[in-house]
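Before any comments, here is the structure.
If you're wondering where the values come from, they're calculated on a predicted model, not measured in any experiment. Each ligand, and each atom within it, is numbered from 1 in the order the structure gives.
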Amino acid sequence: MNALLSKHFKPCPDPELQTLKMRLDPARIPAHVAIIMDGNGRWAHAKGRDRLLGHWEGYRTLQKIVAASDALGVQNLTVFGFSTENWRRPETEVGGLMHLMQAAMSAEIEALVRSHVRILVTGRLDELPESLRETFENAMRRTAGFGGLTFNLAINYGGRAEIADAARELAKAVQRGEIDPADITESHLSARMYAPDLPDPDLLIRTAGEMRISNFLLWGVAYSEMYVTPTLWPDFTPTHLVEALEEYARRTRKFGAVAAPEHTLGH
Ligand code: IPE
Ligand code: IPE
Ligand code: MG
């Protein structure tokens, strides 16, 4: 049995997730799902509550979606937690989000270690409050060797910043005389992205209905399948995730070629 299949048939402790898993074809589960978790503010506003309450509810959703992704056999999950543009929000919201991220990672780390989840935090971490950066670095260090779900949190992340940072690293390699500019290919840039060992996202989900990328994973989403749902992130459930995965399984991926069996799903 290959690795994907054995992971798919791994006993699933939660009976609800087990039932959801039965709806999926193991050969058509995306290896990498990326999510723009949007709509926390609208969720709170609709209830007449503070935006920060929406972010805390969003955290509860994320707990469930991480566990569901792992149980359903998704190998890599990237979520957009805070963008390089989100600093433009009111100071109280930014401060509340920093506090939430610190509290959430501290509360979750032991359970994530027990589940053998490999944590990555990608973005310009040097611009975060020092204690938060240390919490993230500690989480990455503790889980670095794990072979379960890779959970990649994009924090102070910008797609353009990532490409600019990769270009800077490449320029340094040229300056050191290691690479001739004439020899530069896409793979030289790919290798300098924040998480070069992750495959490109197969499926990009955006909640809360906006039809835009908002500077997320610009390099990697070149051929991702997009799925936008009106559901606000705090209302997004494992059932909604399975609906997105079912929709993905129906897509024909062509990568610029004509539809042929080797270009359809199955990697
Ligand atoms: C997404 O929810 C979470 C972050 C950007 C941190 P929003 O806060 O953007 O929610 P809306 O878009 O205002 O509803
Ligand atoms: C993208 O959502 C960032 C995150 C989900 C963290 P935004 O709510 O910031 O995006 P825009 O401003 O609506 O494009
Ligand atoms: Mg938003």
Side-chain angles (χ1 to χ4, degrees), residues 32-66 69 76-108 119-129 132-133 135-136 139 151-165 193-195 198 201 203-221 224 226-237 240-241 244:
H32 185 179
V33 174
I35 308 181
I36 301 175
M37 310 182 290
D38 198 18
N40 296 348
R42 276 162 278 178
W43 185 91
H45 182 76
K47 292 185 158 44
R49 305 294 295 270
D50 190 86
R51 293 176 58 84
L52 273 172
L53 184 86
H55 295 313
W56 279 89
E57 278 302 311
Y59 161 39
R60 290 161 66 92
T61 297
L62 184 56
Q63 286 176 311
K64 291 178 205 141
I65 295 305
V66 170
S69 299
N76 304 284
L77 174 71
T78 296
V79 299
F80 206 177
F82 190 88
S83 76
T84 46
E85 289 72 38
N86 286 149
W87 298 104
R88 295 174 186 159
R89 295 188 179 203
E91 217 177 298
T92 47
E93 182 171 351
V94 170
L97 281 166
M98 296 296 148
H99 171 70
L100 165 57
M101 290 189 272
Q102 175 94 48
M105 184 55 86
S106 306
E108 299 301 324
I119 299 167
L120 295 178
V121 188
T122 49
R124 291 185 169 168
L125 303 192
D126 54 332
E127 293 168 2
L128 295 175
L132 181 58
R133 183 174 49 78
T135 300
F136 285 152
F151 174 42
N152 178 25
L153 268 157
I155 305 292
N156 195 23
Y157 174 88
R160 288 185 170 187
E162 180 178 31
I163 294 168
D165 290 350
M193 294 293 154
Y194 294 148
L198 258 59
L203 174 64
L204 172 65
I205 298 173
R206 182 166 189 147
T207 60
E210 307 297 347
M211 297 290 180
R212 56 177 173 257
I213 299 285
S214 301
N215 201 16
F216 193 38
L217 303 178
L218 295 182
W219 182 267
V221 296
S224 304
M226 295 178 63
Y227 180 89
V228 178
T229 170
T231 304
L232 305 176
W233 178 248
D235 293 327
F236 193 80
T237 63
H240 291 114
L241 175 64

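- Close approach of ligand 2 to N86 is summarised as follows: ligand atoms under 4.0 Å from at least one heavy atom of the residue are 3 (C), 6 (C), 9 (O).
- Residue M37 holds the heavy atom nearest to atom 1 (C) of ligand 1 of all those in H55, M101, M37.
- The shortest N or O to N or O distance between D38 and ligand 2 is below 3.5 Å.
- In this structure a side-chain-to-backbone donor-acceptor pair under 3.5 Å is present from T207 to D38.
- With a 4.0 Å cut-off on non-hydrogen atoms, E210 does not touch ligand 1 at all.
- Not a single donor-acceptor pair under 3.5 Å links the side chain of N156 to the backbone N or O of L125.
- The Mg ion (ligand 3) has no N, O or S atom of E210 inside 2.8 Å of it.
- Listed by atom number, the atoms of ligand 2 under 4.0 Å from F82 heavy atoms are 6 (C).
- Scanning S214, G41, S83 for the heavy atom closest to atom 14 (O) of ligand 2 points to S214.
- Within the 4.5 Å cutoff, side-chain heavy atoms of L198 are placed close to those of L120.
- In this structure, atom 11 (P) of ligand 2 is in close contact with the protein, since a protein heavy atom lies within 4.0 Å of it.
- Per-residue contacts place R42 under 4.0 angstrom from the following atoms of ligand 1 (heavy atoms of the residue considered): 11 (P), 12 (O), 14 (O).
- Side-chain atoms of S83 and N215, non-hydrogen and from C-beta on, never get closer than 4.5 Å to each other.
- Under a 3.5 Å cut-off, the side chain of W233 and the backbone N or O of G58 do form a donor-acceptor pair.
- Of the N or O atoms in R212, one or more lie within a sub-3.5 Å distance of an N or O in ligand 2.
- Residue contacts with ligand 2, taken as heavy atom pairs separated by less than 4.0 Å, involve R206 solely via side-chain atoms from C-beta onward.
- Ligand-side atoms of ligand 1 in range of G81: 6 (C), range being under 4.0 angstrom from any heavy atom.
- Taking 4.5 Å as the limit, some side-chain heavy atom of I213 sits within range of a side-chain heavy atom of L218.
- Contact detail for P201 and S224: the closest heavy-atom pair is O-OG, 2.7 Å.
- Distance alone, capped at 3.5 Å, places no donor-acceptor pair between the R49 side chain and the G54 backbone.
- When the heavy-atom distances from atom 3 (C) of ligand 1 to V79, L100, N40, L232 are ranked, the shortest goes to N40.
- For ligand 1, one of its N or O atoms has an N or O atom of R51 under 3.5 Å away.
- The nearest protein atom to atom 6 (C) of ligand 2, hydrogens excluded, is given as F80 O, 3.3 Å; this is a heavy-atom distance.
- Those atoms of ligand 1 with a heavy atom of R89 less than 4.0 angstrom away are 5 (C), 7 (P), 8 (O), 9 (O).
- E162 places no side-chain N or O within donor-acceptor distance of the main-chain N or O of M193, the cut-off being under 3.5 Å.
- The aromatic rings of Y157 and Y194 sit perpendicular to each other, their planes meeting at more than 60°, with 30° as the lower class boundary.
- No other N/O/S atom of D38 lies as close to the Mg ion (ligand 3) as OD1 does.
- In summary, E210 and R42 engage in a salt bridge, as defined by a charged side-chain N under 4.0 Å from a carboxylate O.
- Distances shorter than 4.0 angstrom occur between a heavy atom of G39 and an atom of ligand 1.
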